[in-house]
Chemist: 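Quick one: the structure is below, questions incoming.
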Amino acid sequence: MNHQTAFVLVRSSRQTLAIEIRPDATVVVRAPRRVGLRDIHRFIESHQNWIVRKRMELAARPQPQRRKFVEGEEFLVGGRTCLLQLSDSVSPAVDLQGDRLVLSAKAHSKARETVTTWYREHARRVITERVQHYARIMACRPSAIRITSPRRRWGSCGPSDSLNFNWRLVMAPREIIDYVVVHELAHIRHKHHGAEFWDLVGTFFPEHKAARRWLKDNGYQLDF
Ligand SMILES: [Zn+2]
């Protein structure tokens with residue numbers, strides 16, 4: 001039986017057709033403005049096996065455990081497992097005390113929002129410090145450092161050399177944070193992923209392959 005794959009079509013000034021599978025398994029086709037629907041359908045047809053394989057991979061991928069913000073739940077901070085503790089105290093809303101993440105009573109009703117805000121602030125402190133450290137030794141100066149919340153990316157470098165980092169990255173071990181920092185700083189010099197780019201990354205972070213592997217395998221856990 002021949003049934004057509006549902007897809008989202010995104011037209012732009014690009015030159016070629018491309019397919020991607022979103023985390024929710026939606027098929028997205030990116031197409032140049034002038035390519036007709038018949039060609040697009042034919043393109044999807046010719047990638048049917050690839051689509052099926054990608055969707056199976058996606059279904060098999062473990063999902064982060066959705067936290068309920070109850071006492072004793074595990075949260076990652078800098079690669080360490082911290083246990084959530086609900087406290088009667090009013091302030092601060094969230095406090096990291098050794099390996100306990102203490103959430104104040106007044107924040108219980110909006111726990112997810114409060115803990116996310118704390119992580120974002122923690123990410124800003126930790127990541128800014130690491131960027132400043134590596135910016136000095138790499139002689140790459142970012143125009144700004146932003147903490148953002150993309151779904152799929154850990155960092156990016158804007159055209160004006162501003163660097164963006166996903167706040168969830170602060171859940172990862174320090175060396176993984178350092179890898180992403182070095183990677184984005186290297187983009188200030190090289191706006192591509194060519195040999196020169198990886199040479200520069202390798203000079204300041206020789207274990208970059210292992211770090212990328214780690215993010216690929218474990219990145220899904222950096223969420224709650
Ligand atoms: Zn890159």
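We count ligands from 1, going down the list as the structure has it; atoms in each ligand are counted the same way.
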Chemist: Of all the N, O or S atoms in His187, which has the shortest distance to the Zn ion (ligand 1)?
Modeler: NE2
Chemist: Is a side-chain donor or acceptor of Arg112 paired with a backbone partner of Arg67 at a separation under 3.5 angstrom?
Modeler: yes
Chemist: Could you check if a side-chain atom of Thr16 sits within less than 4.5 angstrom of a side-chain atom of Arg14, using non-hydrogen atoms only?
Modeler: yes
Chemist: With respect to the Zn ion (ligand 1), what is the nearest N, O or S atom of His193?
Modeler: NE2
Chemist: Should the pair Phe75 and Phe69 be assigned to parallel (<30°), tilted (30 to 60°) or perpendicular (>60°) ring geometry?
Modeler: tilted
Chemist: When you compare the side chain of Thr128 with that of Phe165, does any pair of heavy atoms fall below 4.5 Å?
Modeler: no
Chemist: Nearest N/O/S atom of His183 with respect to the Zn ion (ligand 1), by atom name, please.
Modeler: NE2
